[in-house]
Amino acid sequence: MTKLPSIPVQQPEARPFFLPPRLRESSAYQAPRMATLPSHGLRNLTTARPWLLNRRPSSTFASLSSSSMAEDSAEAPQPSASKPSQTLELLCESLAFKGKGLCKVADTGFVVMCDRALPGERFIGRVTRKKENYAEVTKLKTISPHWDFVDAPCEYASYCGGCKTQNLSYEAQLSAKEQQVLELVTHVGKFSSKELESLNIMKPIVPCDIQFHYRNKMEFSFGSQEWLPRESLSEKQDSNESYALGLHAPGFFDKVLNVNKCLLQSEPANVVLAAIQDCWRDTQLGLSAYNVHSHAGFLKHLMLRTGRDVKTGLPELMVNFVTSSYKPELLRPLVEKISSAPEVVSIMNNVNTSIGSTSVGEEEYTLYGKSTITEILRGLTFQISANSFFQTNTRQAEVLYKLIEDCAGLRGDGSEVVLDLFCGTGTIGLTLAQRARHVYGYEVVAQAIADACLNAKLNGIHNATFVQGDLNKIDESFGNNFPKPDIVISDPNRPGMHMKLIKFLLKLKAPRIVYVSCNPATCARDLDYLCHGVIEKNIRGGYRLKSLQPVDMFPHTPHIECICLLELC
């Protein structure tokens, strides 16, 4: 066992509140309004513990002295991350993409990534995977907490992979996300940070004013193996008690963390979840959880979607059971129990006979009520089916779509053509159609196109055309079926845009492109291609980045939305 020499730890300088001045002073930033939380609520320890204000990031990460290491860990950390199973003492510097903590090994500067490590947290980690340029570690023990620690209100926050930053103050979450976008657009996108600041291209992140109960859709899994924390593994379980309904434990495709309440979904959805949890394991019902190894079992997933009644504005809930076969008699007791809730207006059954984990069935049946629920967005009504794509945070989607509309800069005289790429169910294009001459939308998913056409008809919009097509496989004929657009809206999924599409856009030369991204890394890459070109492929860029607006759509998660405006050079 290697014993490290004692290294004096430099006293940190005084550190201001962890929120950049440009965000704190911006008119776009407002102090977030907290949703109703459990009684213990959020407690910001920068107030309760003033000494936390004196912590700040450091460019070097010194190890503790050998004497303090003896107190904090039975295993002495090694001075490098050259082998798996080594233990290291680390200080988290910042959050990287996907919310992992970025650390560096003292003296060598070797990069180490750790899940659930937060800025300013000093901890002991064990190396689990070594790659060429970095290593991954698992946190064994926290020595001192991070700078902006708050009590996570969710009882599953330490185990569930959905809300990794729940115990980081919301202001600090915003700061970390904004900084991440800035670093990606400078390092990957190759834009000058000085130019981004001096020309006011990089905008302050737009906060989400509700940090809990904001999701209108949650998908839970039934599992034949319940994942338990290490301290609970010794508890004996009967076969049915090992069944679980909840979320997959991080790193396990076959084990499910049992969840009785999720603070991200609506309260009516939590009532239904609790009602199902209360009875589905009853052996007299004959229900079984699907086993991903043996492929036996009936219940696969439970999807809960929340919408609004157009006339009353009251919530309406869709419950979707995904099963391995069609046996409605087995679901009848559950249907009878949950249909008594006034918010439940639709109970669906998607039958997925494949061995995959998808929640989309080959067949769909209505077990109770209607087959769709409704939602209102930017004054339009949308019908949402069990498998429809719809913005998961309706309230923040209002903010997002208003920003997209502002970026598009439509004159409003009905003279401009909009090309809506990756249009999904047409929500963005339809909100712009009222001010455009015509909207042309393209999307690969057939059901999404059907929903877009239905939503256009429902809202009396006749100047929108939606076409099914794979934008990753376009050829020279793409663009022959619509006039040259004045504005292109591109909202790709996480992999970003294919090079074929980028080349098409550079050839098309639309005056404005509004790029909406859910992945700032691929967004930065595509912005580089569109603005600077690709020298090795002899592709010249043709656009100038005018603004980049990060938007926080999903508090407590690592996800970031960005709206980018590009203008033709």
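Just so you know, residue 1 is the first one in the sequence shown, and it goes up from there.
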Working to the nearest 0.5 angstrom, can you tell me the gap between [X] [atom1] and [Y] [atom2]?
X: I489; Y: L419; atom1: CD1; atom2: CG; value: 9.0 Å
X: N463; Y: R437; atom1: CG; atom2: CZ; value: 10.0 Å
X: C92; Y: H146; atom1: SG; atom2: NE2; value: 9.5 Å
X: E567; Y: C569; atom1: CD; atom2: SG; value: 9.5 Å
X: Q447; Y: L454; atom1: CD; atom2: CG; value: 9.5 Å

Might you point out which heavy atoms bring [X] and [Y] nearest each other, and give the distance in Å?
X: L317; Y: P268; value: CD2-O, 3.8 Å
X: R116; Y: A157; value: NH1-O, 2.9 Å
X: L174; Y: P207; value: CD1-CB, 3.7 Å
X: T557; Y: T165; value: N-OG1, 3.8 Å
X: T186; Y: L182; value: OG1-O, 2.9 Å
X: Q166; Y: C154; value: OE1-N, 3.0 Å

- Take atom NZ in K473; do more than 12 heavy atoms of anything else shown fall under 6.0 Å from it?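 Not more than 12 within 6.0 Å, no.
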
- Counting only heavy atoms not in E362, do more than 12 fall under 6.0 Å of its CD?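 Atom CD in E362 is packed in, count exceeds 12.
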
For the pair [X] (side chain) and [Y] (backbone), establish whether a donor and an acceptor sit closer than 3.5 Å, ignoring hydrogens and angles.
X: D552; Y: I205; result: no
X: D486; Y: V417; result: yes
X: S94; Y: L102; result: no
X: D420; Y: G429; result: yes
X: N455; Y: Q383; result: yes
X: S388; Y: F390; result: no
X: N459; Y: T381; result: yes
X: T522; Y: R494; result: yes
X: H301; Y: F321; result: no
X: T323; Y: Y326; result: no

State plainly whether the residues [X] and [Y] are in salt-bridge range, i.e. N to O under 4.0 Å.
X: D528; Y: K190; answer: yes
X: K311; Y: D309; answer: no
X: K500; Y: E476; answer: no
X: K370; Y: E316; answer: yes
X: R512; Y: E416; answer: yes

- Item | Parallel, tilted or perpendicular: ring planes of H559 versus F554, cut at 30 and 60 degrees |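 Perpendicular, since the angle between the ring planes exceeds 60°.
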
- Between M303 and M318, does a side-chain contact (heavy atoms from CB on, under 4.5 Å) hold up when you go through it step by step? CA-CA 8 Å; M303 184 191 296; M318 172 185 283; over 6 Å; no

So do the side chains of [X] and [Y] get within less than 4.5 Å of each other, counting heavy atoms only?
X: Q173; Y: E171; result: no
X: M202; Y: P550; result: yes
X: T465; Y: V439; result: no
X: C564; Y: C523; result: yes
X: L273; Y: M218; result: no
X: Q265; Y: L304; result: yes
X: H556; Y: L168; result: no
X: V319; Y: I338; result: yes

- Task: Kindly state each residue pair satisfying ring pair (Phe, Tyr, Trp, His ring centres under 6.0 Å) with at least one member in residues 457-486, sequence neighbours excluded.
- Result: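 Output for this query lists Y442-F478, Y442-F482, F478-F482, F478-F504.
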
- Yes or no on side-chain contact (heavy atoms from CB on, under 4.5 Å) for V467 and E443, after CA distance, side-chain angles and deciding distance? CA-CA 7 Å; V467 181; E443 168 63 47; over 6 Å; no

- Message: So, using side chain to side chain donor-acceptor pair (under 3.5 Å) as the criterion, who are the partners of Y515 when residues are at least two apart?
- Response: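 Result, side chain to side chain donor-acceptor pair (under 3.5 Å) vs Y515: D526.
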
- Message: Go through it in stages, so that I can follow the logic: the residues are D209 and R395, the test is salt bridge (charged side-chain N to carboxylate O under 4.0 Å, His left out), and I'd like the CA-CA distance, side-chain angles, deciding distance and then a yes or no.
- Response: CA-CA 9 Å; D209 65 351; R395 182 160 179 164; 3.1 Å; yes

Donor-acceptor pairs under 3.5 angstrom involving side-chain atoms of residues 535-545: please list them, not counting sequence neighbours.
| residue | atom | partner | partner atom | Å |
| --- | --- | --- | --- | --- |
| Y543 | OH | A510 | N | 3.0 |
| Y543 | OH | A510 | O | 2.6 |

- Item | Candidate pair F220 and C262, rule side-chain contact (heavy atoms from CB on, under 4.5 Å), full reasoning | CA-CA 10 Å; F220 302 98; C262 177; 4.2 Å; yes

